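Bear in mind that the values here come from a model prediction, so they are computed numbers and not experimental data.
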Amino acid sequence: MKKIMVFVCAVAAMVSCGTAQKAVSLSGLNGEWSVVKINGSDVAAADGQNAPFIGIDADKKRVYGSTSCNRLTGVFDADPVKKTIDLSKMGSTRMMCPDMALEDRLLGAFGEVKSFSLKKGSTLMLNNADGKAVIELQKKTAGEKGN
């Protein structure tokens, strides 16, 4: 009986360690991220508009940013083990800009996001339910700040 208990505890410890290794620290999401691709297409802001970005504060579960025209703000939920993220609790200002195409694409893509993956700490992929990247983000350097 004692050998069985030791075996069960050892298996439980291995499973627990395996799960912990798969978890991503949400603190890796912290900072400001430039939107570089939406559904595989490169992003370029229209003349006179800002480049779109999002900022993440994982400790406070806050998100902010710019769609290129309007400002974003809100909260998010994420599970570091399942690598899921919910960005549906964001809002934006509603100013009219000369070119709203990029904003419309970005806001539509945010609605599809269900999970995330972090690559080399500098690329954040926001994926749809099928695991396909809908938004690709690059970590901003210290000198680059939000608009």
Side-chain angles (χ1 to χ4, degrees), residues 8-147:
V8 168
C9 289
V11 169
M14 286 188 294
V15 169
S16 174
C17 288
T19 302
Q21 289 174 345
K22 292 178 185 175
V24 172
S25 171
L26 292 181
S27 65
L29 304 179
N30 280 331
E32 291 188 350
W33 300 83
S34 298
V35 178
V36 294
K37 290 187 180 190
I38 301 172
N39 289 314
S41 297
D42 291 339
V43 168
D47 288 341
Q49 291 183 212
N50 299 317
F53 78 95
I54 64 168
I56 298 173
D57 182 337
D59 296 332
K60 295 180 181 176
K61 302 262 179 142
R62 306 270 320 148
V63 65
Y64 61 92
S66 170
T67 62
S68 79
C69 174
N70 284 289
R71 307 289 291 162
L72 293 170
T73 187
V75 296
F76 72 94
D77 293 315
D79 183 325
V81 175
K82 295 179 183 176
K83 297 180 184 164
T84 57
I85 190 165
D86 178 5
L87 297 170
S88 67
K89 297 175 187 148
M90 293 192 318
S92 71
T93 57
R94 293 304 301 162
M95 297 182 301
M96 287 299 295
C97 293
D99 188 340
M100 300 291 287
L102 176 55
E103 175 167 318
D104 292 341
R105 284 179 43 220
L106 182 57
L107 291 175
F110 276 130
E112 296 179 45
V113 172
K114 302 295 181 203
S115 66
F116 70 92
S117 57
L118 190 57
K119 297 181 180 184
K120 298 181 183 179
S122 62
T123 302
L124 177 58
M125 307 299 278
L126 300 178
N127 309 309
N128 64 17
D130 296 327
K132 180 184 175 206
V134 290
I135 302 173
E136 181 178 331
L137 304 143
Q138 284 294 140
K139 186 87 167 215
K140 288 187 173 191
T141 61
E144 291 180 281
K145 285 296 173 194
N147 303 318

Take Lys89 and Asp77 through the salt bridge (Lys or Arg N to Asp or Glu O under 4.0 Å) test and state the conclusion after the steps.
CA-CA 9 Å; Lys89 297 175 187 148; Asp77 293 315; 2.7 Å; yes
Ser92 and Arg71: side-chain contact (heavy atoms from CB on, under 4.5 Å), yes or no, with the steps?
CA-CA 5 Å; Ser92 71; Arg71 307 289 291 162; over 6 Å; no
Calculate, to the nearest 0.5 Å, the distance between atoms [atom1] and [atom2] belonging to [X] and [Y] respectively.
{"X": "Leu126", "Y": "Ser115", "atom1": "CG", "atom2": "OG", "answer": "8.5 Å"}
{"X": "Leu124", "Y": "Ser117", "atom1": "CG", "atom2": "OG", "answer": "7.0 Å"}
{"X": "Ile54", "Y": "Tyr64", "atom1": "CD1", "atom2": "OH", "answer": "9.5 Å"}
{"X": "Ile85", "Y": "Leu29", "atom1": "CD1", "atom2": "CG", "answer": "6.0 Å"}
{"X": "Glu32", "Y": "Thr141", "atom1": "CD", "atom2": "OG1", "answer": "10.5 Å"}
{"X": "Gln49", "Y": "Cys97", "atom1": "CD", "atom2": "SG", "answer": "5.0 Å"}

4.5 Å side-chain heavy-atom contact, [X] and [Y]:
{"X": "Ser41", "Y": "Arg105", "answer": "yes"}
{"X": "Pro80", "Y": "Leu26", "answer": "yes"}
{"X": "Val113", "Y": "Ile135", "answer": "yes"}

Does a donor on one side chain sit under 3.5 Å from an acceptor on the other, for [X] and [Y]?
{"X": "Asp86", "Y": "Ser88", "result": "yes"}
{"X": "Asn70", "Y": "Glu103", "result": "yes"}
{"X": "Gln138", "Y": "Ser34", "result": "no"}
{"X": "Thr123", "Y": "Glu136", "result": "no"}

Assess whether side-chain contact (heavy atoms from CB on, under 4.5 Å) is satisfied between Met90 and Phe110, documenting all intermediate values.
CA-CA 9 Å; Met90 293 192 318; Phe110 276 130; 3.8 Å; yes
Grab the two heavy atoms, one from [X] and one from [Y], that are nearest each other, plus how far apart they are.
{"X": "Ala44", "Y": "Leu102", "answer": "O-CD2, 3.9 Å"}
{"X": "Ala109", "Y": "Ile38", "answer": "CB-CG2, 3.8 Å"}
{"X": "Met95", "Y": "Met100", "answer": "O-CE, 3.9 Å"}

Name of the residue among Leu72, Val36, Thr67, Leu106 meeting side chain to side chain contact (heavy atoms under 4.5 Å, CB included) with Pro52
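By the side chain to side chain contact (heavy atoms under 4.5 Å, CB included) criterion, Pro52 pairs with just one of Leu72, Val36, Thr67, Leu106: Leu106.
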Give a yes or no on whether the backbone of [Y] and the side-chain of [X] come within a donor-acceptor separation of less than 3.5 Å.
{"X": "Asp79", "Y": "Thr84", "value": "no"}
{"X": "Ser66", "Y": "Phe53", "value": "no"}
{"X": "Lys139", "Y": "Asn30", "value": "yes"}
{"X": "Asn128", "Y": "Asp130", "value": "yes"}

Count the heavy atoms belonging to other residues, nucleotides or ligands that lie under 6.0 Å from NZ of Lys61, then report whether that count exceeds 12.
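Enclosed.
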